[in-house]
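Worth saying up front: this structure is predicted, and the values here are computed from it rather than measured. Throughout, numbering of the chain's residues begins at 1 and tracks the sequence.
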Amino acid sequence: MLGFFHRWIEEFSKHSEQLTVVCLQEGEHSLPENTRVFSLGKEKGKSKFKYIFNFYKYIILERKNYDAVFVHMNQEYVLLGWKLWKLMGKKIILWRNHSQGNFLTDMAVFLSNAVCCTSKSSYTVRFKKTKIMPVGIDEEVFKKNPSIQKNNQAILSLGRISPVKKIDVLISALVLLDERGIDFKAAIYGDTPKRDAAYSEQLRKQGKVLLSKNKLEFHEGIPNSKVPDIFNTYGIFVNLTPTGSFDKTILEAMACESLTVFSNNFISDAVFQKTLVKQDDAVSLASILESVLQNGDSGEYEEIRKKGRAYVLSHHTLSRLAQDISALLMP
């Protein structure tokens with residue numbers, strides 16, 4: 001799920017003498033020489049006591065090796081560590097990009113020097129200390145691959161299988177397309193959190209007819225390193241995450257020049273209105289997909305593909321994100 005953060009760390013390392021990474025669970029990595037990784041220990045078994053002990057251990061033992069702290073998504077780390085960081089004169093920057101929040105979120109923001117998010121619908125956008133940031137798409141990795149032939153009749157959904165992703169709306173639209181006799185091939189890539197197992201089973205029942213006709217496939221989630229090839233294989237990418245939670249896969253697909261159909265109204269350019277679908281509206285989605293499937297090779301849709309990549313390069317590159325965050329972290 002957080003495979004993309006490996007590249008973030010690589011880019012951040014270019015802007016610091018030394019980068020110290022503390023993670024909940026350590027996996028395989030290959031990082032620059034000025035970067036060290038410490039784990040709270042989840043890979044050795046779950047233990048909240050162990051996590052907290054290691055958390056404070058690294059804060060204290062590494063105190064001479066860092067000047068500022070960047071907390072990614074987990075407000076709990078700010079709530080646990082703020083007092084020590086303040087006493088040691090460490091700047092605290094919180095990254096929190098979610099549409100929902102609570103009193104604890106408010107407290108974490110209050111205790112931070114600044115808070116970062118990418119969406120103007122994020123819960124944290126209400127605070128004066130909030131900084132709107134680029135999403136951080138690696139433009140050298142997510143790009144059109146001429147060696148892979150895109151299938152413009154193929155539809156892709158990629159991300160964890162959870163109700164917030166509205167995959168049931170996509171399948172309802174696909175059923176409508178099938179009933180209209182429209183030819184297509186759709187694939188859903190993603191792992192299912194345990195809490196959403198019933199939702200995943202519901203999706204497979206909902207798409208039973210499409211599965212029997214080989215018009216729909218379910219696949220397990222894939223490593224972030226393989227995602228660009230998937231985007232370059234499928235001509236159409238559908239993301240129905242509601243406005244408020246900015247799903248970076250929308251921009252990754254755009255960077256790969258996939259025709260991206262989405263319901264998150266984050267972009268004002270009129271060109272993208274042709275692929276902007278009403279939230280929770282399977283009929284609207286089916287109409288857009290029908291047009292794309294029948295006219296996907298037209299100049300009109302080719303312009304949308306080109307403008308999608310241009311938008312990412314102008315606003316959301318990883319290099320720009322690293323520069324902006326590094327500027328905030330400066331003492």
Side-chain angles (χ1 to χ4, degrees), residues 1 3 145 148-242 245 247-250 252-254 256-264 275-297 301 305:
M1 288 178 64
N145 187 342
I148 299 176
Q149 181 65 45
K150 275 188 189 286
N151 180 356
N152 287 335
Q153 300 300 114
I155 300 166
L156 170 68
S157 170
L158 187 148
R160 76 177 187 276
I161 298 186
S162 295
V164 71
K165 301 298 184 181
K166 306 292 183 180
I167 301 170
D168 54 300
V169 178
L170 170 59
I171 295 177
S172 293
L174 296 177
V175 170
L176 289 173
L177 292 176
D178 179 58
E179 291 173 350
R180 297 173 191 174
I182 296 172
D183 186 36
F184 64 86
K185 186 82 172 179
I188 296 170
Y189 282 80
D191 292 326
T192 306
K194 288 183 180 179
R195 66 179 182 274
D196 297 322
Y199 179 71
S200 179
E201 184 62 29
Q202 170 197 326
L203 295 177
R204 284 165 170 77
K205 290 179 180 178
Q206 185 184 359
K208 186 176 180 181
V209 173
L210 300 176
L211 289 165
S212 67
K213 295 181 178 181
N214 293 320
K215 298 179 87 170
L216 175 64
E217 298 175 347
F218 284 90
H219 299 272
E220 293 181 350
I222 57 173
N224 187 256
S225 59
K226 295 183 179 180
V227 170
D229 286 349
I230 296 297
F231 282 137
N232 274 285
T233 300
Y234 293 83
I236 305 164
F237 176 65
V238 178
N239 184 291
L240 303 177
T241 304
S245 294
D247 195 328
K248 66 182 178 62
T249 58
I250 299 172
E252 289 174 344
M254 284 184 172
C256 293
E257 298 185 36
S258 294
L259 196 60
T260 307
V261 179
F262 54 96
S263 59
N264 192 320
T275 54
L276 180 66
V277 62
K278 295 177 183 177
Q279 291 186 13
D280 301 325
D281 190 336
V283 175
S284 168
L285 176 58
S287 297
I288 290 174
L289 289 176
E290 182 175 359
S291 176
V292 171
L293 287 165
Q294 294 178 344
N295 306 291
D297 294 325
Y301 286 116
R305 293 188 185 95

**OP:** Please identify each residue that fulfils ring pair (Phe, Tyr, Trp, His ring centres under 6.0 Å) with Tyr301, with sequence neighbours left out.
**Re:** none
Can you name the closest pair of heavy atoms from [X] and [Y] and give their distance?
{"X": "Lys278", "Y": "Ser284", "answer": "N-OG, 3.7 Å"}
{"X": "Ser258", "Y": "Lys150", "answer": "OG-NZ, 2.8 Å"}
{"X": "Ile161", "Y": "Pro193", "answer": "O-CD, 3.5 Å"}
{"X": "Glu290", "Y": "Arg180", "answer": "OE1-NH1, 2.7 Å"}
{"X": "Leu240", "Y": "Val277", "answer": "CD2-CG1, 3.7 Å"}
{"X": "Ala253", "Y": "Thr260", "answer": "CB-OG1, 3.7 Å"}

**OP:** Determine, stepwise, if the pair Leu158 / Ile222 fulfils side-chain contact (heavy atoms from CB on, under 4.5 Å).
**Re:** CA-CA 9 Å; Leu158 187 148; Ile222 57 173; 4.3 Å; yes
Inter-residue atom distance [X].[atom1] - [Y].[atom2], 0.5 Å rounding:
{"X": "Thr233", "Y": "Ile148", "atom1": "OG1", "atom2": "CD1", "result": "5.0 Å"}
{"X": "Asn295", "Y": "Asn152", "atom1": "CG", "atom2": "CG", "result": "11.5 Å"}
{"X": "Arg305", "Y": "Leu259", "atom1": "CZ", "atom2": "CG", "result": "5.0 Å"}
{"X": "Ile167", "Y": "Leu174", "atom1": "CD1", "atom2": "CG", "result": "11.0 Å"}
{"X": "Leu177", "Y": "Ser172", "atom1": "CG", "atom2": "OG", "result": "11.0 Å"}
{"X": "Ile182", "Y": "Leu293", "atom1": "CD1", "atom2": "CG", "result": "6.5 Å"}

Original post:
Is there any ring pair (Phe, Tyr, Trp, His ring centres under 6.0 Å) pair reaching into residues 195-234, and which pairs are they, with sequence neighbours excluded?
Top reply: Tyr189-His219, Phe231-Phe237
Could you tell me whether a side-chain N or O of [X] sits under 3.5 Å from a main-chain N or O of [Y], the two making a donor and an acceptor?
{"X": "Asn145", "Y": "Asn232", "value": "no"}
{"X": "Ser291", "Y": "Ser287", "value": "no"}
{"X": "Ser263", "Y": "Gln279", "value": "no"}

**OP:** Kindly indicate, with the supporting measurements, whether the criterion side-chain contact (heavy atoms from CB on, under 4.5 Å) is fulfilled by Ser200 and Arg204.
**Re:** CA-CA 7 Å; Ser200 179; Arg204 284 165 170 77; 2.6 Å; yes
Subject >> Identified side-chain contact (heavy atoms from CB on, under 4.5 Å) counterpart of Gln206 within the set Ile171, Leu216, Leu170 >> reply: Ile171
Subject >> Ile288: which of Ile236, Leu276, Val261 passes side-chain contact (heavy atoms from CB on, under 4.5 Å) >> reply: Val261
**OP:** Pick out which of Asp247, Asn239, Asp196 makes a side chain to side chain donor-acceptor pair (under 3.5 Å) with Lys165.
**Re:** Asp247
Original post:
What do the steps show when you test Leu210 against Phe184 for side-chain contact (heavy atoms from CB on, under 4.5 Å), and what is the final call?
Top reply: CA-CA 10 Å; Leu210 300 176; Phe184 64 86; 4.1 Å; yes
Original post:
Would you say the side chain of Leu203 lies within less than 4.5 Å of the side chain of Asp168, judging by non-hydrogen atoms?
Top reply: yes
Original post:
Are any non-hydrogen side-chain atoms of Leu289 and Val238 less than 4.5 angstrom apart?
Top reply: yes
Subject >> Audit row: Asn214, Lys185, side-chain contact (heavy atoms from CB on, under 4.5 Å) steps and yes/no >> reply: CA-CA 8 Å; Asn214 293 320; Lys185 186 82 172 179; 3.9 Å; yes
Original post:
Sequence neighbours excluded, which residues qualify as side-chain contact (heavy atoms from CB on, under 4.5 Å) partners of Lys213?
Top reply: Asp178, Val209, Lys215
